[in-house]
Every structure is written in structure tokens, then in C-alpha cells.
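The first residue in the sequence is number 1, and the count goes up from there.
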Amino acid sequence: MITDLSFYIAAIPAIILVGVAKGGFCTPLAMLGVPVLSLVISPIQAAAILLPILICMDFVGLLAYRGNANWAVLKSMLPFALCGIALGWFLAGYLNEHIIKFLVGLTAMAFVADYAWRTIRKRAIATRGPISAAVWGSITGLTSFIAHAGGPPYQIHTLPLGMKPLVFAATSVYFFTTMNTVKLIPYFALGQFSTQNLWTTLVLVPFAPVGTMIGIFLVKRISQDAFYRISYAAMFLIAIKLCFDSFSELL
């Protein structure tokens, strides 16, 4: 188990923040977990410690949102997302994490800019079809496997669908519960679950439901317009962070 106090000073707030996002409120914020933990440990170890905690959060969300998911969205995206995970596993060790995160950040920024432009011009937001589900579902699986960074590509497909906040949150929870559970297999095969990581995860797990319940509370009490404005704003900020961090590493 990690015994360094500075790790827990960073990890506990990060777990609660990720829990808020996993509860369905500002879901792109969930990808801040690995970067925050990476301030005190390696990104690979951070991802391994965080994955079981994400799954615990997911199951809390499943209980709260049961029966509210949009199954059409899940059926259209999940098969391709699982293919993305498989691709990430197959190419593990060959992919440049920073290049992929930079491209995801640029794409997310362009998506939010398009949304803002259409909103200002009072034009219809571009609709999403099966090709969009296939493309963004695959990218979600790949980026989620690499660094738990599947939030932005997932939302590029799902935000324009205009689901009610409760349905949007429930669909996100069902989607990422499946994704994170499947990711256990390649993570275990790649040897990322050491004894130290698992004991550290066990210590942090009690904090997981706290943030998740806060997120669920907010989703059920915020208006649809405010929910989507906050979601797009959070996605834009995360996209900037992705581009900045990955570009700095590439330099």
C-alpha cells in the first residue's frame, strides 16, 4: 500500500471529484482522476489504482439510475467501444498516449466551438447517426483504455441527441460501467494490478460513493438547459487541458 501522505492529499479530492462526474454531472470531469494522481505517482500506476474505484462508482450509479438508460444509444455505441478497447490492448506499448490525447482535445474543442456557433446563429445542432456511433464509440473505447479519457469522444456523439439529464446520466453510467468492467481483463493481463496498487485501491474505495451521490443529487435537481450548458463548458475546459498537457509532453 502507498503510505506517502502527499499521495492521499491529492487522491482523496480527486476520487470525490471523479465520483461527482461518474454520478452523471459533468461527465468529462471523470478524466481528471489520472492527471491529478499523476502529480504524485506514475500515470500507469494511477490508471491501475483508479479503475476498480471507477467500477465501484459505476455500480452506485447503476442502482440510482436503473431503468432510465437509452438502450438505443447503448446498442449503437457499445459494440464499437469494446472494439476500441481491444485495439488499445492489441497496440499496448506502441501507442503514443500524448498524441492521441492531443487529437482528442482538438476534436472536442472543435465540437464545442461548432455547438457555440450554431447556438449563437440559432441553427439546428448537427444530428447523430450510426456512422457517428461507430466512429465515436470506437474512439471512446480506445481513449478510455489508454488513460480513462473516454468522456469527450463519448459526449461528441451523445450530447447532440438532447436526452433529458436523467436519461443522459443513466445512459452514461450504463455505458461506462460496461466499459470499465471489460477493461479489467486487459489491465490484469498486462500486469497492472500489483499488490501495492490493490491495497491502495481498497483504502480509497470508501470515498467513491461520496462523490457519486453528490453527482446524482445534482443531476436530479438541475434544469435541462443548465445541465447541457455546464456539460459543454466542462468539456471545453477538459479539451484545453488535454491539448495543453499532451502538447507540453510532446515538446
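Residue Pro209 comes nearest to Val205 through the heavy atom pair CD-O, 3.4 Å, listed as atom of the first residue, atom of the second, then distance. Contact detail for Ser76 and Ala133: the closest heavy-atom pair is O-CB, 3.5 Å. Closest of all the heavy-atom pairs between Pro79 and Leu74 is CD-O, 4.0 Å. Summarising the geometry of Leu54 relative to Lys22, their closest heavy-atom pair is O-CE, 4.1 Å, with the distance given to 0.1 Å. Of all non-hydrogen atoms in Gly23 and Val219, the two that sit nearest each other are O-CG2, 3.9 Å. The two residues Pro186 and Ile85 come nearest to each other via the heavy atoms CG-CG2, 4.3 Å.
For the atom pair OG1 (Thr177) and CE (Met57), the distance works out to 12.0 Å, reported to the nearest 0.5 Å. Note that CG of Leu202 is 9.0 Å distant from SG of Cys56, once rounded to the nearest 0.5 Å. For the atom pair Ile2 CD1 and Thr200 OG1, the distance stands at 4.0 Å (nearest 0.5 Å). Taking CZ of Phe168 as the reference point, atom OG1 of Thr158 lies at 4.0 Å (rounded to 0.5 Å). Atoms CZ and OG1, from Phe176 and Thr181 in turn, are 12.5 Å apart once rounded to the nearest 0.5 Å. Put simply, CD1 on Ile49 and OG1 on Thr201 are 5.5 Å apart, with the number rounded to the nearest 0.5 Å.
For the pair Tyr154/Ser144, no side-chain contact is recorded, criterion being any heavy-atom separation below 4.5 Å from C-beta on. Side-chain atoms of Ile216 and Tyr65, non-hydrogen and from C-beta on, do get closer than 4.5 Å to each other.
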Check: What's the verdict on side-chain contact (heavy atoms from CB on, under 4.5 Å) for Leu50 and Ile15, showing C-alpha distance, side-chain angles and the deciding distance?
Finding: CA-CA 8 Å; Leu50 193 58; Ile15 296 301; 3.6 Å; yes
Check: side-chain contact (heavy atoms from CB on, under 4.5 Å) between Ile55 and Leu184: does it pass, once the steps are laid out?
Finding: CA-CA 10 Å; Ile55 294 173; Leu184 286 172; 3.6 Å; yes
Next item on the list: Go through Thr140 and Met179 one step at a time and tell me if the side-chain contact (heavy atoms from CB on, under 4.5 Å) criterion holds.
Entry: CA-CA 9 Å; Thr140 298; Met179 292 262 292; 3.9 Å; yes
Margin query: Apply side-chain contact (heavy atoms from CB on, under 4.5 Å) to residues Leu166 and Lys220 and explain how you reach the verdict.
Written below: CA-CA 7 Å; Leu166 185 64; Lys220 292 183 176 181; 4.2 Å; yes
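With sequence neighbours excluded, the residues satisfying ring-ring contact (aromatic ring centres under 6.0 Å, His included) with Tyr174 are Trp71. The salt bridge (Lys or Arg N to Asp or Glu O under 4.0 Å) test applied to Lys241 returns Asp245, not counting sequence neighbours.
The cluster map of Ile, Leu, Val, Met, Phe, Trp and Tyr, joined by side-chain heavy atoms under 4.5 Å apart, puts Ile222 and Leu159 in the same cluster. Taking hydrophobic clusters as Ile, Leu, Val, Met, Phe, Trp and Tyr residues chained together by side-chain heavy-atom distances below 4.5 Å, Phe217 shares a cluster with Met213. Cluster annotation: Phe175 is not connected to Phe80 through the hydrophobic network of ILVMFWY side chains, with a link wherever side-chain heavy atoms come within less than 4.5 Å. Phe236 and Phe244 end up in different hydrophobic clusters when Ile, Leu, Val, Met, Phe, Trp and Tyr side chains are linked at under 4.5 Å. Hydrophobic clustering (side-chain heavy atoms under 4.5 Å, transitive across Ile, Leu, Val, Met, Phe, Trp, Tyr) groups Val173 together with Phe59.
Residue-environment remark: CD1 (Ile131) stays at or below the threshold of 12 foreign heavy atoms within 6.0 Å. The number of heavy-atom neighbours closer than 6.0 Å to CZ of Phe247, taken from other residues, nucleotides and ligands shown, is 12 or below.
Checking side-chain atoms of Tyr187 against main-chain N and O of Phe145 turns up a donor-acceptor pair under 3.5 Å. Under a 3.5 Å cut-off, the side chain of Tyr8 and the backbone N or O of Leu204 do not form any donor-acceptor pair. Between the side chain of Ser138 and the backbone N or O of Gly84, no donor-acceptor pair lies under 3.5 Å. Checking side-chain atoms of Thr171 against main-chain N and O of Asn70 turns up a donor-acceptor pair under 3.5 Å.
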